[in-house]
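Proteins come first, then strands; the chains are lettered A, B, ... in the order of their sequence lines, and each starts at number 1.
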Amino acid sequence: MPFIPHTEKDLQDMLSDIGISSLDGLFAEIPESLCCEAPQLLPALNEMEVSRLMGERAGKDGGMLGFIGGGAYEHHIPAAVWEITTRGEFYSAYTPYQAEASQGTLQVLYEYQSMIAGLTGLEVSNASLYDGASAAAEAVLMAVRCSRKKTAKVGVPATVNPRTIKTIANLIGQQGIELVEISYDLKKGCIDPASLSQYSGNDLVAIIIPQPNFFGTIEDVDALTDWAHGEGALVIGVVNPTSLALLKPPGEWGHAGADIACGDGQPLGIPLSSGGPYFGFLSCQKKWLRQIPGRVVGKTQDRDGNVGYVLTMQAREQHIRRSKATSNICTNQGLMTVAATIYLALLGPSGLLDVAKASLQNSQILKEKLTAIPGVDLLYSGHTFHEFVVKLNRPVDTVLKELYKDGIVAGLPLDSDCLLICVTETKTLEDMERFSNCLETIMSRSFS
Amino acid sequence: MPFIPHTEKDLQDMLSDIGISSLDGLFAEIPESLCCEAPQLLPALNEMEVSRLMGERAGKDGGMLGFIGGGAYEHHIPAAVWEITTRGEFYSAYTPYQAEASQGTLQVLYEYQSMIAGLTGLEVSNASLYDGASAAAEAVLMAVRCSRKKTAKVGVPATVNPRTIKTIANLIGQQGIELVEISYDLKKGCIDPASLSQYSGNDLVAIIIPQPNFFGTIEDVDALTDWAHGEGALVIGVVNPTSLALLKPPGEWGHAGADIACGDGQPLGIPLSSGGPYFGFLSCQKKWLRQIPGRVVGKTQDRDGNVGYVLTMQAREQHIRRSKATSNICTNQGLMTVAATIYLALLGPSGLLDVAKASLQNSQILKEKLTAIPGVDLLYSGHTFHEFVVKLNRPVDTVLKELYKDGIVAGLPLDSDCLLICVTETKTLEDMERFSNCLETIMSRSFS
Amino acid sequence: MSGDRVIFEEGQIGRRSNHQAPKVMVDCDLPQAFLRSRPPPLPEVSELQVVRHYTLLSQKNFSVDTQFYPLGSCTMKYNPRVCNTMAMLPGFLGRHPLEPDQTGQGVMASLFELQEMLASVSGMAGVSLSPMAGAQGEFAGVSMIRAYHQKNGDTERIEMLVPDAAHGTNPATAALCGFRVREIPTDENGDLDIVSLKGAVGPQTAGLMLTNPSTLGVFERRVEEIIAIVHDAGGLLYYDGANLNAITGRTRPGDMGFDAIHINVHKTFSTPHGGGGPGAGPVGASQRLKPFLPVPMVTCDRVGGEPVYRWLNQDDCPDSIGQLSAFMGNIGVLLRAYVYLRMLGGAGMRRVADYAALNANYLLAKLTAAGFTPAFPNRLASHEFILTLKPEADNFGVTALDFAKRLLDYGFYAPTIYFPMLVPECLLIEPTETESKEELDRFVAAMVAIRQEAIEDPKLVKEAPHNIPVPGGGPGRLDETQAARKPNLIWQKD
Amino acid sequence: MSGDRVIFEEGQIGRRSNHQAPKVMVDCDLPQAFLRSRPPPLPEVSELQVVRHYTLLSQKNFSVDTQFYPLGSCTMKYNPRVCNTMAMLPGFLGRHPLEPDQTGQGVMASLFELQEMLASVSGMAGVSLSPMAGAQGEFAGVSMIRAYHQKNGDTERIEMLVPDAAHGTNPATAALCGFRVREIPTDENGDLDIVSLKGAVGPQTAGLMLTNPSTLGVFERRVEEIIAIVHDAGGLLYYDGANLNAITGRTRPGDMGFDAIHINVHKTFSTPHGGGGPGAGPVGASQRLKPFLPVPMVTCDRVGGEPVYRWLNQDDCPDSIGQLSAFMGNIGVLLRAYVYLRMLGGAGMRRVADYAALNANYLLAKLTAAGFTPAFPNRLASHEFILTLKPEADNFGVTALDFAKRLLDYGFYAPTIYFPMLVPECLLIEPTETESKEELDRFVAAMVAIRQEAIEDPKLVKEAPHNIPVPGGGPGRLDETQAARKPNLIWQKD
Ligand SMILES: Cc1ncc(COP(=O)(O)O)c(C=O)c1O
Ligand SMILES: Cc1ncc(COP(=O)(O)O)c(C=O)c1O
């Protein structure tokens, strides 16, 4: 039997030890009216058959030259990352409840927390959340808990990824929190700090600051942070982790630094995989530590002074605090943090910086190439990291379809004539030339 | 620096500890006339670049519906085999010279030897040789060492894979051994035991018996073995390991059993990989143990009676015996035996039997389908395992090229009008229908 | 050895694995004000150091691949390696989530079929795969219940009933969904206290969250009656599917009358736990809750007879509670579940429950025969069961925690301890269907041996673990109190 | 734990992982006489048992990925994981060796470029990749020498000269090629004894097999003179390339004047050792030996400007010594070497030698400073060096073997011991370029500590190992004599 080791003899011996005569007897407590037959599923395949099926299906998927970002980013993943991460000892372990038998996972998580804290410039980190968007929702809830204000208004700039905004709204919808939209400078593609005065005195509990923002544009995080702190609001930075090798970390924004930083860890060694699994990271200033959601690992000792690691501050969590927990999260994205930790160790500070710089460089190159094409214009004037928005003088839909025929997935359509384009270190000069040449050809054709 | 951990400071500190001023100083003993610059190689790529290159190259290769055997066989390989085999602890260890620190590899090898001995029905096995063909050469050399005869003539049937014959000839060419060709029944495609009388009294030291033979045909191993033993010749079985789940093992051939069995272990969980790495296995009767080539693992104990495994009988080997060793082999195909051991454990006796039976069944089905096509005839009448030879009434070359266009690699051309076709458990009824339909279409066309 | 240091301690300033770094030709031209002033404090190590460090660390874990892991409620069964291999095929890994559906027909076909098969196994009318774990599945389910009542203008239903034995995520989720949580007690046989339930339901009742078999390891025998009580009061029924492994192919939550359910694929469908995730928590809905399922979901159109798969979004499902994460859920995990389900088929799913129950009841019988005390001596075990070590604690001063730690020395992971909280000194033991009788017998032998130690040398047990079988031996019992009192959460250079 | 039993002992009659077995519809119709009467005695175990058993066994190995492995002559350096990942891509794995060249252009392009690059690194005129390990490379090289003499009618050249320090494969190979082996002694500085060499050459000399740097860890300084002596006598020169790691990018065997060379890609080109193979032993030839290279080899034609790759066979190369195995060699290993070489490039290959030599000389300097005795105190180390523990053996009764075993306790694999046989109580130590200074320093500290133990508590060292850092602790020193006296080579049910 697939994956079941029992022989016929085992079965009989065990039934007799239990003192029943058949497997049916094990289910005697289920009311007869509820008993069912085995479900009718797709026919069972052996491993050979399922391997062939999946091989064929995988063969159909992907394979394009892709320039989409919008929250998930293609980066080179060193082979060592997943060869180690999928080792059975990491892969098939549970949440490290028995610390002494889980030092592998626990130490990795401790190192992970240290790296995330270091990257974001903050003092503490949890051990992961589901994804960047749900981490942002947890950050909002956390900020509300941290605040002593009576209101529960949170400022959310329109430059935040709309998927993140929707997720926040859906996850915190029942908590009586009001999300106040903060508008942005339509020329620059980022928030004009001067425009924030309109939100002053609004009693915001917190504001979110995306960096880089959804349009790839770099926000003036210092001014935004100082403004928010001046309003007595906490600052939640939603950041791209790759960019942090290059850009000022949230912990250093403005005079006091962001209070909480979060984001999607996918760029740190996690495959695109049609959308998941990724992981959310969340770090904060030490003063907010007791409000942090999710698991946290701490260093401790045994009786003989040997160092070891344990899950700690569990009193915040659902299995102890139940309805009063800081979050309902239990299973998080543990294995993804193993991969990210190995990724960051392999890249190191200079390697990660090179990834950020190469991405920036490539996006500058592509930006220049594309905007040199008649009918293609840059939409925003702000500085960008590895994404930017172009406006086309014809329907984006049609252009995308044409490029698709050339094997190119050109970007994320923002509306009928705008396209969000992303380039990372994975693209060569030839790739970018291929893209711009194809686009040029298409744009030079008359409208159809 | 790729894979080199030294920082500039390390370099300076180490040079100063050594007492020289530059790296050049480390090579001071190389005569100046011999010094060279770094070689001009293809430009260095980083991991991302080389991954893309290899991904593109791998994408070009294979992908056909294949019916070639001829010494290498496509079988399903359970995913667990290579996920475990490539674990760093197996993958990056050396030959287990320090037994206490290599119990993993050593115990696997002990289990491997046990499985091979069991499969072949013989008493002892070594820990692998390079491949099936070189194992056959080693078996010939071994047989000559075992024999007390003055001559060194070995009977080699023309039904042995010609690649094996060539390899034997090339590897033993300098040992004064004469290979005597044994002819076969051109109707049946296997040796007619009655015909052997012509070789009697020829003072053969040994004969090789292939099972199944190169044409896929099953030899009358009992009669052949008894005849050879009657002549005072040793019997070397060259066998397909998958077939051994079904066919009589060499240890039970005739009245006394074959003396030595060998073959290529590739069918036991080793990918086709364009030809390697595979591995050769070799087992024998206990009485010939001291003449066995290659490494052997034995069970032993420590002082406290704890069981452990060690390389043993090393006095036969090159590193001790030098020019008098039983073989010059040192590095063998260790990791492949790990894979084969895991493969055999996963399949078990009944699973391996099912693989053999499904292959046999499929080859019967395909044989019927193909020979129903006008112009396609079975060449030999003997019983076959999973390969058989068909004769076409037009040039094989042309037919192969046509089938290739349909994505089918139809078999191994034996001469201008014969084709050796193999089917294993990996082919579905639809696959076989696709093949026979395509062939039928081609055969129904007029000659071009 | 390397594993004893943290990776940062392996570093040296200026050490670089630069074959991992892309080539940078032009330098960054961003204004200084945007930039980081110091490099991030990441370790500077060689690739060999990284590989060695994390390989050695991995060896310090117990895992299903290396040890028996009878962790109740967690279903630590064998995770077939082929599921991993298939989910990691380059075609699947490389596709961006926002690419057009055309480039994802392979993965989407699999997800669509998974939706259908999970609906079939659970008996629900529809399934959405997007929740990222059990707790998010609960959130989706409870949100659907809330949305349903709201759509019906039933805004007074502000209370969610939760058995006292429930997993912590149940009350935590209900609270996150804005409900007041009301606990319902359990009776001494492990069943929900029906009298209390009757007293608790009313016009304020939004619903009841039930795990069946419950976390006590027994089947809730009066489930039909419970469901009728809640339904009659206008509430809906939520099924926590964490224990589905106990009943697949034997009975279906949908047939029992549940309105919403989540499924932990990382339990019943054998996707790996990964040391704490990622899992996936697909959510199923009855007919009336189906319109509220979270997006996205996959649908299948037929174009010229050929199936064409497409994502359904909020526009397609206006009543949906919406998306719960940025993209489509933990696709890679779901692919693993799909492969698993394809290998088992319907008959295989029934065997899962049969042999999970067989192993649990066998272990229960053997341990009881060996003198241990079952929490519910008159009940059949489901796929798991509870022992109480109260007698041992009272008589020898050796607690459930001590037994757990000592089991590690014997090379077994420990059962779940002190959950559910109702049973004093409890061990919640779940062997799963993939363990052999021999392994169970060895576990019984270890339990018996430890009790003997508890009698003869209690210190040995109370100070366990002593000799954890990992390289380097592992630390002894770790001080969790100290860790929580003075949290040391990140490494800092001293 | 599972790893302590053999896999057979995990089995039960009738236990089957039948998701691994194909479906059989028709039963076998072969005559009974051909068939096996009893099933083969393979273990009957579940997939979980297999995974657990071999995962635990793997943990009982020391390996480069887990420990410093300073095994002289073996070049145990980091094997980049990407080489494995790339060689295991499905497109490479699935192709049958006898498919038409068209379906193998990807792999053949890589092999062709590898041939060219190895020729360039070694300075040879041509390279064939087909030998399956170093020893088979030697066989190819020596066979070429024999074929050359035969082609020239020079049939009296029946003697192969081999230094006494040579690796065992050298004399064994020469014998296999039908030569009489004549040993040449080494002088006290580790150089070949030129006087003896001069005395040994003559019309019977087919050639000389030389390793340079020699197995003594020093560069053969008078190599040009040696080569001239042999060439002048009409013999050819064979270069054992096992130590090529010491000199890549610094000097080339071809430039030295060698006629044939083998390269252990599983040493210098970092393909894994796999616990004993597979490796690959590409063989290089000077201009005069090129026609004799073993087939097959890859050649590149240009068709319309595009490269088209093709296998060369005996028909293309009539003088070739022929094929040495059934197919084309250890392709998967060669692909790993190709990927490695592409990541290093020419400058990288030079760095390999530079830092391998740096690490060896640093370790030598440190150990010498710590009071250990180098075998060749006046020489620079190559990528490895020899200590003699004769003083320690004489003074404290503690041998090289004891040191080796005790190092295991400290978490280091042992250096090569008692090879080459010339130096008493020798340790042949090769740190390789991929180890860090910190690791070397830790090794020195361990050596010093062990010597202190040898003084204070020799029994501790003589009975080592005591606490091998693997799960379960590993056995103590194993009795090799007993193993050889009464060989127990296969498991049998008792
Ligand atoms: C009974 C029960 N419910 C809910 C959950 C929560 O599932 P998850 O951890 O996937 O969020 C668990 C798992 O721990 C559980 O055991
Ligand atoms: C000096 C020397 N020559 C030859 C060999 C033989 O190489 P292989 O083991 O690959 O056959 C070795 C490797 O052990 C060696 O160290």
Interchain contact, [X] with chain B, by part (heavy-atom threshold 4.5 Å):
X: Met88(D); answer: side chain
X: Leu380(D); answer: both
X: Ala365(D); answer: side chain
X: Ile321(D); answer: backbone
X: Tyr413(D); answer: side chain
X: Pro100(D); answer: side chain
X: Met349(D); answer: side chain
X: Met76(D); answer: side chain
X: Asn18(D); answer: neither
X: Pro43(D); answer: both
X: Glu138(D); answer: neither

Which label fits Tyr78(D) and Phe3(B): parallel for a plane angle under 30°, tilted from 30 to 60°, or perpendicular past 60°? tilted
Please work out whether the ring planes of Tyr355(D) and His6(B) are parallel, tilted or perpendicular, with thresholds of 30° and 60°. tilted
Check whether [X] gets within reach of chain D through its side chain, its backbone, both or neither, counting any heavy atom under 4.5 Å.
X: Glu317(B); result: neither
X: Asn332(B); result: both
X: Gln98(B); result: both
X: Gln314(B); result: side chain
X: Ala80(B); result: side chain

Quick one: closest heavy-atom pair of Leu478(D) and Asn306(B), and the distance? CD2-O, 4.3 Å
Nearest heavy-atom pair of Lys357(B) and Asp27(D): which atoms, and what distance? NZ-OD1, 3.3 Å
Under 4.5 Å, counting heavy-atom pairs only, tell me which of [options] racks up the most with chain D.
options: Met1(B), Gln113(B), Met14(B); value: Met14(B)
options: Lys60(B), Glu425(B), Arg87(B), His319(B); value: Arg87(B)
options: Gly348(B), Ser350(B), Ala133(B); value: Ser350(B)
options: Ala28(B), Cys35(B), Pro39(B); value: Pro39(B)
options: Ile84(B), Leu15(B), Asn46(B); value: Ile84(B)
options: Ser273(B), Gly308(B), Ala117(B), Gly63(B); value: Ser273(B)

Quick check on the interface: out of [options], who has the most heavy-atom pairs with chain B under 4.5 Å?
options: Ser270(D), Gly11(D), Pro31(D), Ser143(D); value: Pro31(D)
options: Ser58(D), Pro475(D), Ala175(D); value: Ser58(D)
options: Gly123(D), Ala174(D), Pro90(D), Pro80(D); value: Pro80(D)

Looking at [X] and [Y], does any basic side-chain N land under 4.0 Å from a carboxylate oxygen?
X: Arg250(D); Y: Glu37(B); result: no
X: Glu463(D); Y: Arg303(B); result: yes
X: Glu100(B); Y: Arg477(D); result: no

Quiz question: by atom type and distance under 3.5 Å, do the side chains of Glu224(D) and Ser33(B) form a donor-acceptor pair? yes
Please check: side-chain N/O of Glu111(B) versus main-chain N/O of Ile7(D), any donor-acceptor pairing under 3.5 Å? yes
Using ring-ring contact (aromatic ring centres under 6.0 Å, His included) as the criterion, list what pairs up with Phe419(D), not counting sequence neighbours. His167(D)
